[in-house]
Amino acid sequence: MSASNENKKAVWSVIARIPSGRVATYGQIATLADIPGQARFVGYLLARLPQGSTLPWHRVVNSSGKITNPNAAAQAVRLQAESVSCDANRVSLKQYRWQIPAESLSTT
DNA sequence: TCCATGACACTAG
DNA sequence: CCTAGTGCCATGG
């Protein structure tokens, strides 16, 4: 078992938790996946995400709310379908940023 | 093993 | 708004 595999599952789990109509940044996901500062890893995983995946990858944007994705057009469409306004491949993090659930931070 | 690349983040200019 | 530099991790030549 590779540690990276565990981190991968953690990242996928976090992304799967992003509510519809909300967006999260790579860094935010990395932090929630218990791997703060490894936003690069999150982007790497999404880039290699299998086509059969049901993960809401479209809810992931960079720290500026900008859609940095090989298929930004499709992403923008998916977001708009969830009532998330995106202008020039950009979303308002002020409005749509996913608030970190306290339960995730709680020490169970 | 070294170097280059990538759906990132942060800081400085 | 832009670019450049640095840090992070994984993969491929």
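Each chain gets a letter, A, B and so on, in the order the sequences are listed, and its residues count up from 1.
- When the C1' atom is compared between B:dT1 and C:dG13, the two are found 12 Å apart, to the nearest whole Å.
- Distance noted for atom P between C:dG7 and B:dA7: 22 Å (whole Å).
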Heavy-atom protein contacts under 4.0 Å, nucleotides 6-13 of chain B, coded B base, S sugar-phosphate only, - none: BBBSS---
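- Counting only heavy atoms from C-beta outward, the side chains of A:E82 and A:R59 approach each other to under 4.5 Å.
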Collect all protein-nucleotide pairs involving nucleotides 3-5 of chain C in which both atoms are nitrogen or oxygen and the distance is under 3.5 Å.
none

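- Within the structure, salt bridge (charged side-chain N to carboxylate O under 4.0 Å, His left out) pairs that include any residue of residues 65-79 of chain A do not occur (at least two apart or interchain).
- Distance alone, capped at 3.5 Å, is enough to place a donor-acceptor pair between the A:T31 side chain and the A:G27 backbone.
- Straight-line distance from the CG atom of A:N5 to the C1' atom of C:dC9: 15 Å, rounded to whole Å.
- Here the options are A:L45, A:I15, A:I35, the test is side-chain contact (heavy atoms from CB on, under 4.5 Å), and the partner is A:I29; only A:I15 passes.
- For the pair A:N69 and A:V60, the minimum side-chain heavy-atom distance is 4.5 Å or more.
- Note that the CZ atom of A:R97 and the OG atom of A:S63 stand 8.5 Å from one another [nearest 0.5 Å].
- If A:S4 and A:R90 are placed on DNA chain C by their nearest nucleotide, the residue sitting closer to the 5' end is A:R90.
- In this structure a side-chain-to-backbone donor-acceptor pair under 3.5 Å is missing from A:D87 to A:R90.
- Interatomic distance, A:L55 CG to A:L46 CG, rounded to the nearest 0.5 Å: 7.5 Å.
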